[in-house]
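Step one of this worksheet: look at the structure below.
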Amino acid sequence: MSPACSYTTQEMMVSACSRLIRNNECVFIGVGIPLLAGVVASKIHAPDSVIVYEAGGIGAVSRRLPWSISDNATTDNALVATELWRALGDVQRGYIDLAVVGGAQIDRFGNLNTTVIFGPDGTYQRPASRLPGSGGSNDLASSAGRTLIVMKLEKRKFVKKLDYLTSPGYLGGRGERERAGLRGGGPEAVITDKGIFRFDPETGEMYLDELFPGVTAEEVKSLVDWDLKVAPSPKTVAPPTEKEIRVMRMVDPLGVVLGSKSKQEVQPFEEYFRTMKSCYESMVILI
Amino acid sequence: MSPACSYTTQEMMVSACSRLIRNNECVFIGVGIPLLAGVVASKIHAPDSVIVYEAGGIGAVSRRLPWSISDNATTDNALVATELWRALGDVQRGYIDLAVVGGAQIDRFGNLNTTVIFGPDGTYQRPASRLPGSGGSNDLASSAGRTLIVMKLEKRKFVKKLDYLTSPGYLGGRGERERAGLRGGGPEAVITDKGIFRFDPETGEMYLDELFPGVTAEEVKSLVDWDLKVAPSPKTVAPPTEKEIRVMRMVDPLGVVLGSKSKQEVQPFEEYFRTMKSCYESMVILI
Amino acid sequence: MNKVTTLPEAVRELVRDGDTVSFGGILSREPVACTYELIRQNKKDLTVIVDSRDETVEHLLGAGLVKKLESAYVWVGVIGSGLHFRRAVEKGIPRRVEVEDYSNLAIGMRFLAGALGVPYMPLRSMMGSDIPEYNPRIKITEDPYGGEKVALVPAANPDVAFIHVQRADKMGNCQIWGMLGNDINIARAARKVVVTCEEIVPTSEIRKIPNMTQIPFYCVDAVVELPFGAHPLGVAGCYWIDTPFRKEWLAASQTHEGFRAWLEEWVLSWETHEEYLRKLGPDRLAGLRKMELDNFRIPKIVGC
Amino acid sequence: MNKVTTLPEAVRELVRDGDTVSFGGILSREPVACTYELIRQNKKDLTVIVDSRDETVEHLLGAGLVKKLESAYVWVGVIGSGLHFRRAVEKGIPRRVEVEDYSNLAIGMRFLAGALGVPYMPLRSMMGSDIPEYNPRIKITEDPYGGEKVALVPAANPDVAFIHVQRADKMGNCQIWGMLGNDINIARAARKVVVTCEEIVPTSEIRKIPNMTQIPFYCVDAVVELPFGAHPLGVAGCYWIDTPFRKEWLAASQTHEGFRAWLEEWVLSWETHEEYLRKLGPDRLAGLRKMELDNFRIPKIVGC
């Protein structure tokens with residue numbers, strides 16, 4: 001497990017997230033870093049974990065990195081191809097061990113907002129900034145065995161009070177999920193680009209538990225909008241291994257998740273065709 | 001359409017029932033005479049009707065007469081093979097034009113009992129005679145566009161008061177279905193071995209509308225436990241045609257519906273094998 | 001994730017006296033061999049939740065293993081009546097059985113609620129009938145949106161479900177051909193699931209057509225390869241109904257003693273399903289298979 | 001029962017201004033060509049009920065055809081944000097849109113209720129969150145069985161649903177490969193259903209594998225053969241996502257005027273889907289097809 005000599009912050013997040021996925025788990029996964037983390041875990045330490053995608057693909061072995069929770073690759077060589085309400089119904093029934101989701105705003109109890117930022121005079125019907133909405137995030141946060149949250153650490157994202165609570169963490173504190181009627185276990189960790197946060201077993205409040213190499217607790221505290229608690233002596237997260245880095249770059253040569261290509265840049269079709277082809281070819285090695 | 005020279009009462013019932021199935025209808029069908037009537041209709045005057053079976057088979061073109069609403073033949077060469085709750089859910093949603101069912105007891109409003117006959121000291125938990133229960137009958141009677149009921153005419157079956165109302169006809173009279181929250185149209189006709197009954201559009205009460213050849217209204221009235229109304233001049237049901245008889249005997253050579261073989265008689269396996277084989281061979285001609 | 005085991009082992013490990021059990025299939029593809037094993041192991045005081053049934057429930061009733069029956073229909077197909085059902089309810093032979101009637105859709109909705117992890121499901125059946133009059137667990141309510149009447153039924157979450165399918169892999173991914181009954185919801189609703197299958201296939205076969213995997217591995221606790229596991233009922237693409245066999249046990253079942261003797265001969269006198277098949281004999285099994293394959297075959301799936 | 005027609009005809013006949021509409025697929029297999037036709041025919045004041053969407057809803061929002069949006073998620077996949085969604089909600093450009101948020105499972109349950117003909121469905125999501133706070137149609141209630149809290153959502157029964165599938169016959173029996181989204185329930189819930197398909201196949205092909213017929217003919221009102229009907233999104237076993245195309249319309253959509261110009265070029269300047277495909281060019285279409293077939297093919301079904 002030799003550490004990689006050079007890696008980006010995104011790669012570090014993918015690695016840290018992937019390591020929290022255990023073998024033999026059913027993992028329900030969202031787009032972006034969660035998705036790449038799931039694929040990396042399944043290629044390295046969790047070969048018998050099974051990835052479940054929201055639109056109905058379960059256990060795909062694809063030669064392409066899925067770009068969404070529903071693209072064709074989510075059912076290539078899959079174990080099951082079923083319906084969206086079935087997949088999320090199975091979460092509600094308790095079949096899913098772990099869900100990995102993202103968010104736009106988070107509060108100290110791990111509650112997430114992906115719906116609206118009101119701004120100074122905004123309302124729900126006319127906010128300053130409209131976000132996509134829950135998608136399946138609320139359903140996963142409500143009912144999955146436990147959840148991992150992946151977000152960049154920024155002061156405007158780690159807020160005292162959410163504009164809108166889209167997906168439940170521990171609501172107002174431990175015990176409140178149960179009182180609200182929720183059956184899922186709630187958030188286990190928040191993986192950021194500076195470190196990993198966990199939740200106090202008594203209060204449900206988020207605290208800094210592990211730091212990325214070279215990051216200090218003070219730096220992290222300055223990026224959080226409330227008085228963040230810190231574990232007595234935060235461990236340092238081990239950097240990505242060479243193998244992890246190799247796998248993720250092989251799987252995402254277009255930089256869809258790793259961000260090596262600009263999102264806006266319009267590629268000529270022929271170039272797109274060639275890149276995808278080389279992508280399949282490298283994925284074949286991994287299958 | 002030459003009439004058949006000789007036919008049994010069962011064959012007359014199958015013929016009379018089959019003629020009430022219209023072309024292009026989706027017909028949800030129960031075991032026994034309903035089933036054979038559906039197959040006969042589809043081979044003669046209603047080639048574009050589609051038979052839906054409760055366990056999920058839709059539009060089968062089988063070389064065997066299905067013996068139940070769920071045997072293998074209900075999905076041979078079918079258009080759709082799906083789930084029981086889906087098929088009955090589609091009835092509830094209003095996709096099924098016609099349902100054909102049987103019953104053990106019926107009252108003047110077309111309500112059916114297939115659950116219990118209490119007997120002198122009987123209770124629901126310990127009746128004199130326990131019947132199979134609703135199966136899908138209540139669901140069809142509640143929600144199908146209209147229903148046909150097939151029953152032998154006997155005084156102990158056409159009763160003043162049901163022991164137990166399993167499947168709704170017009171309940172206590174026209175308008176009561178709607179008040180109870182039911183959306184299906186209710187019974188259209190009762191096909192017996194003596195004639196056909198229909199329902200008064202105002203009151204919902206059953207009346208004798210058509211007689212089988214050689215049967216009198218008086219005879220019918222004597223077999224009904226209430227003061228049966230009779231249409232001003234009951235028509236006579238045309239006897240089965242030769243073609244109808246030929247089709248039904250071809251389709252049911254074992255007499256499963258037509259009753260030519262005793263139900264109890266145990267056949268040696270080799271004979272069963274041979275009869276089934278000849279059955280398939282004759283069905284092939286019809287497909 | 002290898003869940004392959006034997007039927008005696010699966011029943012021993014997963015079923016307890018007093019459990020609530022359900023069965024997949026419906027008049028065909030019923031896990032009849034599983035009920036034989038429940039009888040062999042004398043699993044008692046069962047609550048049984050089923051839609052429409054013949055062999056599976058009739059045998060359990062006749063063997064006196066059922067305490068309560070929540071069902072829509074129990075009868076023996078087109079060839080007879082529900083002899084054991086009648087004897088148990090009408091006369092308490094061999095034991096009293098509490099009954100609770102539903103319609104088929106109502107039982108389907110109970111399993112759907114159970115599969116989704118919600119406490120109940122609304123439907124538009126049974127209103128105006130006597131079914132809710134005798135079954136207090138069916139509630140006629142006003143819907144809070146339009147004020148319409150709807151019936152509610154409670155979720156069914158059996159302790160153990162038995163499902164018989166054409167093929168499964170060793171993880172428990174199941175592919176079913178032909179009618180699907182309520183199997184998909186039953187498997188999800190149950191706390192533990194025993195899958196018996198005509199054939200265990202490699203997972204690579206499953207992956208050729210994932211749209212046909214109706215039951216995912218994560219619902220399944222035990223996988224047993226059990227060819228002719230639904231005999232004397234049929235399995236689409238595998239074998240046709242053994243009507244002479246059914247008429248024989250029905251004839252024997254005219255009296256409770258007759259059924260006990262039949263049970264002794266066909267169920268209790270051996271330990272394994274293989275012995276049952278040997279007694280039926282290879283010619284009969286081949287005949288049943290041929291009768292089906294002359295009419296219907298599971299399509300061959302050629303992947304890319 | 002021949003329901004084959006053209007897309008312009010189907011939209012003209014079946015859709016009215018003010019209708020409630022829904023779309024099948026989800027991020028792939030969305031009926032994008034149908035939204036182009038809705039825009040061409042300027043069908044106005046639509047209420048749109050969808051789970052998670054990109055192209056279909058973004059285009060309708062950008063064209064100003066949507067009055068109200070009941071959804072769980074609107075954004076443009078991994079490549080951008082929901083530009084039109086944001087502009088409509090934040091600024092009322094090109095028109096004000098009323099929003100009503102749900103979770104994906106909640107939308108799924110709304111379609112399931114609609115498909116079953118019941119007025120509502122219970123679920124365990126959204127409780128404790130702000131979703132019901134801003135959406136009075138979500139009711140948090142006590143279940144009448146165990147007294148547990150459950151959320152209720154109202155049935156969705158859109159006037160018209162558009163579903164894009166791999167293959168259908170002329171009666172409207174649809175077979176879908178890959179992820180199924182909520183299509184099966186949407187087709188049953190809607191009052192009228194327009195099916196567009198990559199290929200119309202003979203009914204005999206459908207009968208080879210009836211277990212793959214997810215949508216029965218009786219739900220369907222119009223069948224249109226429309227290859228590449230989901231472009232620039234993908235269809236499993238048919239073609240991969242056209243990312244460069246998507247980035248182009250997203251780039252154009254940075255301003256409302258830019259999107260109008262893009263619409264003019266790609267949607268309004270012709271009458272038929274065939275012209276759109278001609279403008280894309282055969283090489284590009286062949287490339288998209290090859291990118292998919294190198295990875296996944298619809299299995300070949302060999303009947304008996």
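The structure presented is a predicted model; accordingly, all values stated were derived computationally and were not measured. Reminder, nothing fancy here: chain letters follow the sequence lines and each chain counts from 1.
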**Asked** What heavy-atom pair brings D:Tyr145 and C:Arg137 nearest, and what distance separates the two atoms?
**Response** OH-O, 2.6 Å

**Message:** Please identify, among C:Pro210, C:Ala155, C:Gly146, C:Pro119, the residue contributing the most non-hydrogen atom pairs under 4.5 Å to chain D.
**Reply:** C:Pro119

**Message:** Please determine whether the number of non-hydrogen atoms from other residues, nucleotides or ligands lying under 6.0 Å from atom CZ of C:Arg16 exceeds 12.
**Reply:** no

**Request:** Answer yes or no: is there a side-chain heavy-atom contact under 4.5 Å between D:Pro144 and C:Leu152?
**Result:** yes

**Asked** Of the backbone (N, CA, C, O) and the side chain (C-beta and beyond), which part of D:Pro154 lies under 4.5 Å from a heavy atom of chain C, both, or neither?
**Response** both

**Request:** Could you check which of D:Leu123, D:Leu112, D:Val153, D:Thr141 has the highest count of heavy-atom pairs closer than 4.5 Å to chain C?
**Result:** D:Val153

**Item:** Flag side-chain contact, heavy atom, 4.5 Å: D:Leu180 against C:Asn211
**Value:** yes

**Asked** Looking at D:Met212, D:Met121, D:Glu148, which makes the most heavy-atom pairs under 4.5 Å with chain C?
**Response** D:Met212

**Prompt:** Can you find a heavy atom in the side chain of C:Ile209 that is under 4.5 Å from one in the side chain of D:Ile301?
**Reply:** yes

**Prompt:** Hey, which of C:Pro122, C:Ala113, C:Gly117 has the most heavy atom pairs under 4.5 Å with chain D?
**Reply:** C:Pro122

**Region of D:Met109 in contact with chain C, defined by heavy-atom distances below 4.5 Å** = side chain

